[in-house]
Amino acid sequence: MIKKLSLLTIMILSSVLILAGCGGSDSSKNGNAESDTFRVGLECGYPPFNWTQMNDSNGAVKIDGNAEYAGGYDIEMAKKIAEGLGKKLVVVKVEWDGLVPALTSGKIDAIIAGMSPTNLRKETIDFSDNYYKSDLVMVVKKGSKYENAASIQDFKGAKVTGQLNTFHYSVIDQIKGVSKQPAMDNFTAMRVALESGVIDGYISERPEGVSATAVNKNLKMVEFKDGFETSDDDTSIAVGIPKGSELAEKINKVLAGISEEERLNIMDNAIKNQPSAK
């Protein structure tokens, strides 16, 4: 009986130690105040803001747990923020729909993914000051009847889409008589759908439009004199952080030290350096 009790005690103690070890690993991944890493989530599929490539050229950073690397405007901003925080940048690839849940669950410390600080998102997470601002455009196929459109209303009857769970998709309703198509998961899928004729156009921000036409000569970006009605929050981009996080003040301090000229140069380089396959 004594031997059995001793064995049972050993098993219980071993289980406690294992669980304690697992708990320590989780807390480091969740990025607490004592952590020396800054875990940033992004989809790595929204050039020129972020993309995936196979090496570390042009300053790309290895994706955590992945053989691939992430580059782009968001990565360059994330590097500057991590340096300002005195932490090591860790890039975590997360699907767009999973970014906010990943942040609220502690899997990542921040979202730096071309995300707009909309009122709906602010109900769940906080945002830093803006680090980029852009206008909405339409990407169409070159040679189509829509390539010379001057107003969004010129797309009456057109098959138009946008990315799932973005304000890009919601503003399609401002086009009278438009044939609104199901939202798509990412911009690569939208470019393929556009080239194949499944859609006539997709809504994006200007940097992505410039990016799309730079790598694919069959596409054209349409800018509008009579464009979409949007708010500043819709067309701005900021860092997503947990509610009440002390990171807000620190990140804002870093962003304040990056001039508008430097931000524009970073974006110009991102457009130039994006992989041609994207």
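It should be emphasised that the depicted structure is a prediction, and the values quoted were computed from it without experimental measurement.
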With side chain to side chain contact (heavy atoms under 4.5 Å, CB included) as the criterion, how do I111 and V239 come out once you've worked through the C-alpha distance, each side chain's angles and the decisive distance to 0.1 Å?
CA-CA 6 Å; I111 299 170; V239 179; over 6 Å; no
Taking atom CG of D135 and atom CG of D234, what is their separation to the nearest 0.5 Å?
12.0 Å
Please answer: with hydrophobic residues joined when any side-chain heavy atoms are less than 4.5 Å apart, are V210 and V215 in the same cluster?
no
Taking the side chain as everything from C-beta on, heavy atoms only, tell me whether V139 gets closer than 4.5 Å to M190.
no
Closest approach of F38 and I251, non-hydrogen atoms and distance?
CZ-CD1, 4.4 Å
Q274 and S211: side-chain donor and acceptor closer than 3.5 Å?
yes
I'd like to know if K122 and D233 make a salt bridge, using a cut-off of under 4.0 Å between side-chain N and carboxylate O.
yes
Determine whether I81 and V40 satisfy the following criterion, side chain to side chain contact (heavy atoms under 4.5 Å, CB included), listing intermediate values before the conclusion.
CA-CA 10 Å; I81 293 171; V40 171; over 6 Å; no
Keeping the roles fixed (side chain from S259, backbone from E262), state whether a donor-acceptor pair exists under 3.5 Å.
yes
With side chain to side chain contact (heavy atoms under 4.5 Å, CB included) as the criterion, how do Y131 and I258 come out once you've worked through the C-alpha distance, each side chain's angles and the decisive distance to 0.1 Å?
CA-CA 9 Å; Y131 66 88; I258 307 173; over 6 Å; no
Determine, for K87 against D109, whether the closest basic-nitrogen to carboxylate-oxygen distance falls under 4.0 angstrom.
no
Between CD1 of I203 and CD of Q174, what distance do you get to the nearest 0.5 Å?
8.5 Å
Between S134 and T235, is there a donor-acceptor pair closer than 3.5 Å when you use the side chain of the first and the backbone of the second?
no
To check you understand the geometry: which heavy-atom pair defines the closest contact between T230 and F167, and what is its length?
CG2-CE1, 4.0 Å
For a side chain to side chain contact (heavy atoms under 4.5 Å, CB included) check, start with the C-alpha distance between N119 and E123, then their side-chain angles and the critical distance, and finish with the verdict.
CA-CA 7 Å; N119 288 330; E123 294 177 4; 5.9 Å; no
Quick check: does any side chain N or O of K80 sit under 3.5 Å from a backbone N or O of G84, one acting as donor and the other as acceptor?
no
Electrostatic pair K253:E249 at N-O distance under 4.0 angstrom:
no
Please name all residues satisfying side chain to side chain contact (heavy atoms under 4.5 Å, CB included) with N252, sequence neighbours left out, ordered by chain then number.
S128, D129, L255
To the nearest 0.5 Å, what is the distance between CD1 on I266 and CE on M77?
5.5 Å
Run the salt-bridge test on E83 and K88 with the 4.0 Å N-O cut-off and return the result as yes or no.
no
Is the backbone N or O of K176 less than 3.5 Å from a side-chain atom of Q153, with the two atoms forming a donor-acceptor pair by type?
yes
Any side-chain heavy atom of P47 within less than 4.5 Å of one from E208?
no
Using a strict threshold of under 4.0 Å (side-chain N to carboxylate O), is an ion pair present between E68 and K62?
no
Tell me every residue that passes salt bridge (charged side-chain N to carboxylate O under 4.0 Å, His left out) with K243, counting only those two or more places apart in sequence or in another chain.
D126
Using a 6.0 Å cut-off, check whether atom NZ of K145 has over 12 heavy atoms from anything other than its own residue.
no
Using every non-hydrogen atom in the two residues, find where Y73 and R263 come nearest and quote the distance to one decimal.
CE1-O, 3.3 Å
Any chance the side chains of Y46 and D74 put a donor and an acceptor closer than 3.5 Å?
no
State yes or no: do Y202 and I152 share one hydrophobic cluster built from I, L, V, M, F, W and Y residues joined by side-chain heavy-atom distances below 4.5 Å, directly or via other members?
no
Short N-O contact, E195 and K141, less than 4.0 angstrom:
no
Mind checking whether T166 and M115 have side chains closer than 4.5 Å, heavy atoms only?
no
Can a side-chain donor-acceptor contact be found between S116 and T118 if the only test is distance below 3.5 angstrom?
no
Nearest heavy-atom pair of A270 and W51: which atoms, and what distance?
O-CH2, 3.2 Å
Looking only at the side chains, is there a donor atom on one of D154 and S151 sitting less than 3.5 Å from an acceptor on the other?
no
Heavy-atom distance under 4.5 Å between the side chains of V160 and M138, does that happen here?
yes
Give a yes or no on whether the backbone of P101 and the side-chain of S105 come within a donor-acceptor separation of less than 3.5 Å.
yes
Applying side chain to side chain contact (heavy atoms under 4.5 Å, CB included) to S179 and not counting sequence neighbours gives K159, Q181
Answer with yes or no whether the hydrophobic clustering places Y69 together with I75; edges join I, L, V, M, F, W, Y residues whose side-chain heavy atoms lie under 4.5 Å apart.
no
Does any non-hydrogen side-chain atom of Y132 lie less than 4.5 Å from one of M267?
yes
Is there a donor-acceptor contact under 3.5 Å from the side chain of K220 to the main chain of E147?
yes
Pairwise distance CG(L42) to NZ(K93) - rounded to 0.5 angstrom:
9.5 Å
How about N130 and P117: do any of their side-chain heavy atoms sit closer than 4.5 Å?
yes
Whether the side chain of E95 engages the backbone of D97 through a donor-acceptor N/O pair (distance < 3.5 Å, no angle test) should be reported.
no
Can you check whether G45's main-chain N or O pairs, donor with acceptor, with N50's side chain at less than 3.5 Å?
yes
Closest contact, heavy atoms only, G114 versus I237
CA-CG2, 3.6 Å
Would a distance-only check, ignoring hydrogens and angles, find a side-chain to backbone donor-acceptor pair under 3.5 Å from Q163 to D185?
yes
Hey, any chance V61 and I108 share a hydrophobic cluster, counting ILVMFWY side chains that come within less than 4.5 Å of each other, even indirectly?
no
K142 (side chain) donor-acceptor with K217 (main chain) under 3.5 angstrom:
yes
How are the rings of F187 and H168 set relative to one another: parallel (under 30°), tilted (30 to 60°) or perpendicular (over 60°)?
perpendicular
Contact summary for V140 and G201, nearest pair of heavy atoms:
CG1-CA, 4.3 Å
Is there a path of hydrophobic side-chain contacts, each under 4.5 Å between heavy atoms of I/L/V/M/F/W/Y residues, joining I63 to V92?
no
Given side chains that start at C-beta, do those of L164 and W96 come closer than 4.5 Å, heavy atoms only?
no
Here the gap from T213 atom OG1 to N218 atom CG, rounded to the nearest 0.5 Å, amounts to 11.5 Å
Kindly compute the distance separating CD1 (I241) from CZ (F127), expressed to the nearest 0.5 Å.
9.0 Å
